[in-house]
Every structure is written in structure tokens, then in C-alpha cells.
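Written out below as C-alpha cells is the structure these notes cover.
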Amino acid sequence: MPSIETRQFGTLVYPADQIIHFAAGLPGFEDRHEFLLHEEPALGPFLFLQSLDDPNLSFVTMPAERLEENYELTLSRDDLAQLGLVSLPAPDHVYCLAVLQLNSQGASANLAAPIVIYKTTRLGTQAIRQDRRYSAQQPIAWGPPAAGQGGD
Amino acid sequence: MLVIRRKREQTIRIGEDIEITVLEIENGQVKLGINAPREIPVFREEIAATRRSNQGAALSTSAFESLGTYSVPNSPTEPRVSISNSSS
């Protein structure tokens with residue numbers, strides 16, 4: 001089985017059929033095409049998107065519906081093509097993951113451009129919304145207190 | 001910001017090489033045609049914003065280590081995601 005030595009998670013061994021292919025990469029990382037969805041047992045609801053092209057590159061994500069109840073995912077024709085689909089998939093056939101941004105100011109989630117993975121083909125894309133219904137920097141209330149605030 | 005009013009089929013030129021034409025105005029949407037040299041990237045602002053957001057989100061070791069201090073609430077009910085089509 002293939003494996004990769006990652007910065008955050010040590011050695012990950014994975015079956016080749018778990019590879020997720022992003023034909024267009026991700027905006028800002030257009031040349032990174034292959035990723036793994038990795039779970040850390042101690043970090044329950046977080047899902048890590050680990051690049052297989054760059055062992056130092058990973059993102060922390062969380063299912064969008066855990067951040068925004070009844071999240072409505074909107075897919076364009078381009079998004080569907082990236083996922084190898086011609087019509088809308090059943091909701092339980094896709095992962096819809098918000099990328100989290102963690103910094104000293106606190107944590108936020110990008111609900112305006114979720115990572116969408118079609119489980120059957122394991123094709124993925126970042127579905128950038130055309131509307132302004134959800135925020136690209138939705139604050140996460142249950143994160144650690146921002147640096148310089150509170151504390152004892 | 002420079003503001004210019006244009007009608008359908010009218011064009012704006014930026015420098016010698018860039019041409020933006022209003023092709024269609026319908027239901028609050030404007031369809032633009034853009035001619036620009038190959039070396040000038042043209043993309044929607046949302047893509048540029050997503051690029052910046054992703055670059056800021058690439059996981060650092062300190063951010064990874066901070067995850068253990070998060071207290072993620074349990075979802076009381078099984079939350080759902082629904083899927084719709086966008087017109088573009």
C-alpha cells in the first residue's frame with residue numbers, strides 16, 4: 001500500500017482507492033491534484049485534507065452542516081463536470097466540507113467555497129458560490145479564545 | 001474608483017490591449033466579453049478571494065496543535081445538507 005510521510009500526521013498508509021483527485025487543484029494550489037481525507041481519532045469532527053503531492057500541505061475542514069444547520073450546497077454546471085456528474089447527486093453521496101482558517105485572531109470557516117467530494121468517483125472540487133448567502137469567514141464561536149483576550 | 005456607464009454592445013478599453021464589452025444585461029446580471037493578452041489572467045473575484053482564503057488556511061503546526069483546545073459542540077439533531085443547481 002502507498003504511504004506518505006506528512007508533517008502533521010506522521011506516516012499515513014492508505015489504499016490507492018482512497019485517493020481523491022482534484023482535476024483543477026484548489027484555488028491557490030492549482031498544481032496540487034491528489035489528496036487524502038484523513039481523520040485523527042482524538043480530533044473527532046475535524047477532517048484533514050492532506051495533499052499527496054506536498055507532504056507539508058494540509059487543510060483542516062469540517063462538514064459544512066455542522067457549522068451551519070441545513071446548509072444548502074449550490075453546484076454550478078462546472079462544479080458538476082469537475083465531479084464527473086451530469087445531474088445533482090444525492091446529498092449523502094458527497095462530502096461538503098468547509099475549510100477552516102485558524103490564526104491568532106481566532107477561527108473561521110469558509111462557507112462560501114466548500115470543498116465537495118463525490119464519494120463514488122472520488123473526484124473533488126472547491127465549489128465557489130456565486131451568491132453571498134454564506135460567509136467566507138464565518139467566525140467559529142467554540143474555538144480557543146483569541147490571543148490577547150481573556151486568559152488567566 | 002472610476003465609474004463609467006455603458007449600454008449593451010458598448011466597450012471599455014484598458015490600455016492598448018484589454019477590451020471589455022457588455023454583451024447582455026438581464027435579470028440583474030451583466031454578461032461581459034473580455035479580450036486580453038494571454039499573459040494577463042482574467043478571473044472572477046470570488047476565485048481570487050478563495051485563493052487568498054486557502055493560502056491562509058494551509059495548516060501550520062501551531063494551528064494544528066491548537067485544535068485540541070477546541071470544544072466542538074455535539075449536534076443535537078442530525079444536520080443535513082441539501083443541494084441545488086446554480087444557473088451559471
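Worth knowing before you read on, the calculation uses all heavy atoms, side chains too, and leaves out hydrogens, waters and symmetry mates.
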Checklist line | chain B contact via A/Leu49 - which portion, at a heavy-atom distance below 4.5 Å | finding: neither
Check: Within residues 115-127 of chain A, which positions have a heavy-atom distance to chain B below 4.5 Å?
Finding: A/Gln126
Next item on the list: For residues 125-143 of chain A, pull every pair meeting salt bridge (charged side-chain N to carboxylate O under 4.0 Å, His left out), keeping only residues two or more places apart or in separate chains.
Entry: A/Glu72-A/Arg133, A/Arg129-A/Asp131
Checklist line | 4.5 Å side-chain heavy-atom contact, B/Val72 and A/Arg66 | finding: yes
Item checked: Proximity breakdown for A/Ala42 and chain B, heavy-atom pairs closer than 4.5 Å -> neither
Check: Does B/Asn54 reach the main-chain N or O of A/Pro27 with its side chain, forming a donor-acceptor pair under 3.5 Å?
Finding: yes
Check: Within the side chain of B/Asn85, is there an N or O that forms a donor-acceptor pair under 3.5 Å with the backbone of A/Leu75?
Finding: yes
Next item on the list: Identify the residues of residues 16-24 of chain A whose heavy atoms come closer than 4.5 Å to a heavy atom of chain B, ordered by number, or report 'none'.
Entry: none
Checklist line | Interface moiety of A/Pro63 toward chain B, non-hydrogen atoms closer than 4.5 Å | finding: neither
Margin query: Does any backbone or side-chain atom of A/Phe9 lie under 4.5 Å from a heavy atom of chain B? Answer side chain, backbone, both or neither.
Written below: side chain
Next item on the list: Could you name each residue pair satisfying salt bridge (charged side-chain N to carboxylate O under 4.0 Å, His left out) that touches residues 50-64 of chain A, not counting sequence neighbours?
Entry: A/Arg32-A/Asp54
Next item on the list: Answer whether the closest heavy-atom distance between the side chains of B/Val81 and A/Tyr71 falls below 4.5 Å.
Entry: yes
